[in-house]
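Data first, discussion second: the structure below is written as structure tokens.
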Amino acid sequence: MHAYRTHNCNELRSDNVGETVRLSGWVHRKRDHGGLLFIDLRDHFGLTQCVIEPENKHFAVLERLRVESVITVSGKLVDRLADAKNKNLPTGDIELVVADLEVQSRAEELPLPVFGEPDYPEDIRLKYRYLDLRRQKLHNNIILRGQVINSIRTRMIAQGFNEFQTPILTASSPEGARDFLVPSRLNPGKFYALPQAPQQFKQLLMVSGFDKYFQIAPCFRDEDARADRSPGEFYQLDMEMSFATQEDVFAAIEPVMAGVFEEFAAHTGKTRKVTQTPFPRIAYKDSMLKYGNDKPDLRIDIICSDVSEFFIEDGVEFKAFQGIVKGGGTVRAIPAPNTKDKPRSFFDKMNGWAQREMQAPGLGYIRFEQGENGLEGKGPIAKFFPADVLVRMAAHAGIGDGDALFFAAGKEVDAVKLTGAARAEIGRQLDMIDEDVFKFCWIVDFPMFEWDEDNKKIDFSHNPFSMPQGGMEILQSADTDVKKLDILAYQYDIVCNGIELSSGAIRNHRPDIMYKAFAMAGYDRDAVDSEFSGMITAFKYGAPPHGGIAPGIDRMVMLLAGADNIREVIVFPMNGSAQDLMMNAPAEVPAKALRELHLRLDLPKE
RNA sequence: GCGGGUGUAGCUCAGUUGGUUAGAGCGCUGGCCUGUCACGCCAGAGGCCGCGGGUUCGAGUCCCGUCACUCGCGCCA
């Protein structure tokens, strides 16, 4: 007989009754009847009930043993009495009568219970992550993650993509997020940077002629955490393809995304519908107008609109918003459908939410109801509008009897931001979000440049390596800032349920266009040559047109697992302050280590 | 760096308008229990009410500050 087990804890059935078997696992739960002791034995695969009688010499040991101790038990498998069967357990028809017991590992009193999976403070869960990982929910999430990655890999390879590994110790990139730096012992005063993404490497692989690249790529960015952003490191399905148009990239990645989501849609036990390919495409500009951001949650059936014009019509007396519009600002309308029966407090709460959560001046609103003379506006600010203006505004916003409009006013960036947040909040408050669908879309036609308010200059709005739509001609003809800001890039995002899963682009593979684009953003030729020397040089020796995308794997798994926090799908995550509480990282290092690296600490005074 | 929320037993939480000895459930320890599967019953231990200051005859409760966690903003090519 095997030293530890003849079966796992989810294997034995009635057919095995009469066999002498051996199981190993953790003591999940004990039910001590004094004269009879039940043990639920757990391993990765499941649970099997074991029973021991007081005559057995091991009874006293088992009775004293704490839960989560690891044991090996052997004995005869028996049928349970008819009324003692447990229908909730796959192994519920049988039980193991313990004859022999070996205690493999005694558990002390636990800082975190496994059984029952009660809510526990996250710092304790993170410190004792291995205990948390024994819990079924988290255990299943991590298994799901492995299966998702395997599915992705299979699908990419089937499409002719080749998998690569790119360096972890590499060069700092002057664009983007803050880098993690690694000092070089052999090169005093110099530093490696951990890659924020294998961006340049994958483009260089296209220059190398590999045609189709992918990697389950670790990415490192020194940025603050969010619910859907783990600090430090995360994984992308990084892919790139040669001689590809934007539509080719979409056609390659859409079936992978839709396929993986369909494959695991039932993971939570519910049936969840996935957007059919091709996914809808929404221009960046339209998304900002209709949804208030570039990552719309399409589960919320609310479309916003610009209503600035109505506030400066003759006869409108609403001075606050009038001033905003005349001063170059914007008023956006966010419909709140079917709110006829909502109490006044609903609207007041939304206003309070805007002030508290968004630090906005507030959210005005008008309720619309069908009256004797047609659609009428109600609410504190309705009286400032002539009746016909309200009717036309309602038509413009696409709402009618029983609906309301909230107003977000201010500078355009602020109004848009409040619009997006308010749309999501209304969706939540009105229970408009269907948890059982995955609604995908593409956001396309991102602007190439944006106005950098801090430095009062034009800068790249996303990836400086994107190809402008219109190529060299459009760059050369853009002789004013306004024209420059109108230039679009072959830059796109894939969004699911309001979560940005990835961004990608058709790259700029032409050195002449690259120099020109960088010049427009204020970087001279020398800066490009020094900061992107590897890539710009490579492009001078024959570079194929190419493009790609990099969906975030953690976020995909999060959606599939139904997790509301990214730490629920990462096996050993750091906390919000970028600390690993289990391994004690980051940590101080011995002075010798610093000397070898030619470093001296200059810590902030306390 | 900024804003919101939370902070009472190991954990989840209750704690009235400021009032005398701060409670419950789970867990833990001990005892009882031969068919449980959230086993049951009895008993017990366990509290810097996050920390510091203030108001008050009196603070878990009110005020100020601070720390921790968390969500968001900034940031995230």
key: Nearest-nucleotide comparison on RNA chain B, the residue closer to the 5′ end among A:F38 and A:N575   =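 Comparing both residues, the 5'-ward one is A:F38.
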
query = In terms of the nearest nucleotide of RNA chain B, which residue is placed more toward the 5' end: A:Y120 or A:P54?
reply = A:Y120

What nucleic acid atoms does [X] come within less than 4.0 Å of, heavy atoms only: base, sugar-phosphate, or nothing?
| X | result |
| --- | --- |
| A:E500 | nothing |
| A:F465 | nothing |
| A:G576 | sugar-phosphate |
| A:A421 | nothing |
| A:K87 | nothing |
| A:N565 | sugar-phosphate |

ask   = So what's the dot-bracket for RNA chain B: Watson-Crick or G-U pairs under 3.5 Å, [ ] if a pair crosses, | if it pairs off-strand?
value = (((((((..((((.....[...)))).(((((.......))))).....(((((..]....))))))))))))....

query = Any salt bridge between A:D222 and A:R178, counting N to O under 4.0 Å?
reply =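 Not counted as a salt bridge, because no side-chain N and carboxylate O are separated by less than 4.0 Å.
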
ask   = Hey, are A:R229 and A:D224 close enough for a salt bridge, meaning a charged N less than 4.0 Å from a carboxylate O?
value =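 No, no charged N to carboxylate O under 4.0 Å.
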
ask   = So, do A:H33 and B:C39 meet the stacking rule of ring centres under 5.5 Å and planes under 30°?
value = yes

I'd like to know if the side chain of [X] pairs up with that of [Y] as donor and acceptor (distance under 3.5 Å, no hydrogens or angles considered).
| X | Y | value |
| --- | --- | --- |
| A:R42 | A:Q136 | no |
| A:Q469 | A:D445 | yes |
| A:Y291 | A:D297 | no |
| A:Y284 | A:D493 | no |

[atom1] of [X] versus [atom2] of [N]: gap in Å, rounded?
| X | N | atom1 | atom2 | answer |
| --- | --- | --- | --- | --- |
| A:F234 | B:C76 | CZ | P | 13 Å |
| A:I39 | B:U34 | CD1 | C1' | 15 Å |
| A:R125 | B:U12 | CZ | P | 12 Å |
| A:Y128 | B:G10 | OH | C1' | 11 Å |

Whether [X] contacts [N] is assessed here as follows: a side-chain N or O lying under 4.0 Å from the phosphate OP1 or OP2. Is that the case?
| X | N | result |
| --- | --- | --- |
| A:N86 | B:G35 | no |
| A:R66 | B:U29 | yes |
| A:R178 | B:G74 | no |
| A:K30 | B:G27 | no |
| A:R29 | B:U36 | no |
| A:R229 | B:C73 | no |
| A:R31 | B:C39 | yes |

I'd like the [atom1] distance from [M] over to [N], given in whole Å.
| N | M | atom1 | result |
| --- | --- | --- | --- |
| B:G54 | B:G74 | P | 40 Å |
| B:G31 | B:C49 | C1' | 33 Å |
| B:C63 | B:G7 | P | 14 Å |

Looking only at the side chain of [X] (C-beta and beyond, no hydrogens), which of the listed nucleotides [options] gets closest?
| X | options | value |
| --- | --- | --- |
| A:K417 | B:G31, B:G74, B:C33 | B:G74 |
| A:A227 | B:C28, B:C71, B:C11 | B:C71 |
| A:P121 | B:G30, B:C11, B:C37 | B:C11 |
| A:R226 | B:G72, B:G10, B:G31 | B:G72 |
| A:E223 | B:C11, B:C71, B:C75 | B:C75 |

query = Relative to each other, are the rings of A:F518 and A:F465 parallel, tilted or perpendicular (30° and 60° limits)?
reply = tilted

request  = On the 0 to 90° scale, with breaks at 30° and 60°, tag the A:Y523-A:F460 ring pair as parallel, tilted or perpendicular.
outcome  = parallel

Is a donor-acceptor pair below 3.5 Å formed from side chain [X] to base [N], judging by atom type as modelled?
| X | N | answer |
| --- | --- | --- |
| A:R80 | B:C37 | yes |
| A:Q49 | B:U36 | yes |
| A:E53 | B:G35 | no |
| A:D224 | B:G74 | yes |

key: Heavy atoms from other residues, nucleotides or ligands near CZ of A:F191 exceed 12 (cutoff 6.0 Å)   =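 Check passes, neighbour count above 12.
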
query = Are any non-hydrogen side-chain atoms of A:N351 and A:D348 less than 4.5 angstrom apart?
reply =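 Side-chain contact under 4.5 Å: no.
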
